[in-house]
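Okay, so here's the structure we're looking at.
Not measured: the values here are computed from a predicted model. Counting convention: from 1, in listed order, for ligands and their atoms alike. Residue numbers run from 1 in the order of the sequence given.
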Amino acid sequence: MNELGRLEDLPADYVEQLRALNLVPLWPSLRAVLPPGQPRPNTRATAWSYQALRPLLLKAGELTPIEKAERRVLVLANPGHGLEKMQASAAIYLGMQLLLPGEWAPSHRHTPNAVRMIVEGEGAYTTVDGEKCPMSRGDLILTPTGLWHEHGHDGDQPVVWLDVLDLPLVYYMEASYHVDGPRQTVKPGSGEGGYVRGGVLPTPVFTRSAKAYPMLRYPWAQTRAALQALAAQQPELEAVQVTYVNPETGAHAQNILGYYALMLRPGQALTLPVRSPAMVFHVIEGGAEVRVADQAFTLAEADTCCAPGYTAVTLRNRSASEPSFLFIADETPLHTKLGVFEHRDEHRG
Ligand code: GTQ
C-alpha cells in the first residue's frame, strides 16, 4: 500500500481555492475513511459499575425533581466517542434511569426505538401504546419507534432500569425528534400473556392483530425458564442464548438493535465469533468476566460493558456453582439490513 499525498503537500492557496468552493481533496483522507483490512472504531471497550453509579443516580433524585428532568437518566457514555455524544457505540445509547415512589415521567413518543431492562425495585410500570407493563428485575419492555410511553411508580422503593436506544444512529440520520402527549388511557385486554409460550400464537378468529409490535413486555421469569430448559435439554450446547423476537414474525423484536439473553453455565468460558456489530453486555444475575481483545472487565450483578465490532470477546462465568445470566444488545439487525454484516470466525471458519 503506497503512501498517499498529504494536505500539506498541496499549495496553501490551492487548498484555499478549493475550500472557497466547498471542495475537498479525497486522497489525504482516503485511508482514514477506508482503513485497510478492518474498521478503526471509536467505540472503546468500556465498563460501568452499578455499585459506583448507583449513589450518583440516587443523588440525582435529590438534586433534580422529575418535573425538571422529565427522564432522570445518567447516560453510560463511551469516552472513545467523546462523552457529550452520549454514545455507547456507533448506534447504541445506554442510560440508567431512576424513578422514585410516586413519580411520573410524562407521556411522549419519539422516532428512536427504546427498550428497558429492569435493574432493581418493584412497583413501577411503563405504559406503552395504552398497555400497562409492570416492571420487575430482568424484565425487558419495548418502546418501539412512534409508540406513546410514560413511566409511573406505585411502589415504595427507588426503581432503576437500563435504557437501550438506537438514538445515536437515528440522530445521525437527522431523523430524531419527540412529541409530548396527554396521559394515556390504559386499554384492558392487551398484554404479553398470549405470547409467552413459544410455538403457539394467539389466533384471533374475528379480528386481526394489526399491531406491528404485538409483544411489549418479556417477563424475566419466562426468559430465564427458557434458558434453563435449553441448557438442561442440550448439555453440549455451547451458547445457551435466546433472542428477543417479534412473536408474530420471528424477526428481531426491533428494527435496528438486537436483544438477547445468554446463560453461562457454572464455570463456563465462551469465546464469541468475531463479527461486525458492536455489543453491550449487562449482568442480570451472577457475575461474569468479559474479555474484549486485550482488556478484561470483572462484572458483578447490574454492571454493564460494551465492546466494539470486529473484536474478539470472551465471556466467563465467575461462579463455578451457579449459572450467570447476561442481557445482550447489539447492532446485528442494522448491519444485516444494510448488507454490511460480517462474521470473521478464525476458529471455525
Ligand atoms: O424513558 O422515554 O434514556 O425518551 C432517553 C430518552 C429514556 C424514556 C432515555 C427517553 C427515555
query = If you measure from each heavy atom of E70 to ligand 1, is any distance below 4.0 Å?
reply =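 No.
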
My understanding is that we take every heavy atom of each candidate and find the minimum distance to atom 8 (C) of ligand 1. Doing that for R71, H110, M86, which one comes out nearest?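 Of the listed residues, R71 has the closest heavy atom.
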
Which residue and non-hydrogen atom of the protein lie closest to [atom], and at what distance in Å?
atom                   : answer
atom 6 (C) of ligand 1 : L165 CD2, 4.1 Å
atom 5 (C) of ligand 1 : Y93 OH, 3.5 Å
atom 7 (C) of ligand 1 : D163 OD2, 3.3 Å

Numbering as shown, the atoms of ligand 1 that approach [X] to under 4.0 Å (heavy-atom distance):
X    : result
R116 : 1 (O), 2 (O), 8 (C)
H151 : 1 (O), 2 (O), 8 (C)
Q97  : 1 (O), 7 (C)
V73  : 3 (O)

Looking only at side chains, do [X] and [Y] share a donor and an acceptor under 3.5 Å apart?
X    : Y    : value
H335 : R275 : no
S107 : E150 : yes
T314 : T271 : yes
Q254 : Y213 : no

| task | Before accepting this row, confirm whether a basic side-chain N of the pair R217/E131 lies closer than 4.0 Å to the acidic partner's carboxylate O. | result |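 Looking at E131 together with R217, the answer is no, because their closest N to O distance does not fall below 4.0 Å.
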
query = When you look for heavy atoms under 4.0 Å from ligand 1, do you find them on the side chain of H149, its backbone, both, or neither?
reply =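 Side chain only.
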
For the side chain to side chain contact (heavy atoms under 4.5 Å, CB included) test, which of V283, L299, T298 pairs with V290?
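One option only clears the test, and that one is L299.
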
* **Close side-chain approach of P144 to L216, heavy-atom, < 4.5 Å** =>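 The answer is yes, as the side chains (C-beta and beyond) meet within the 4.5 Å cut-off.
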
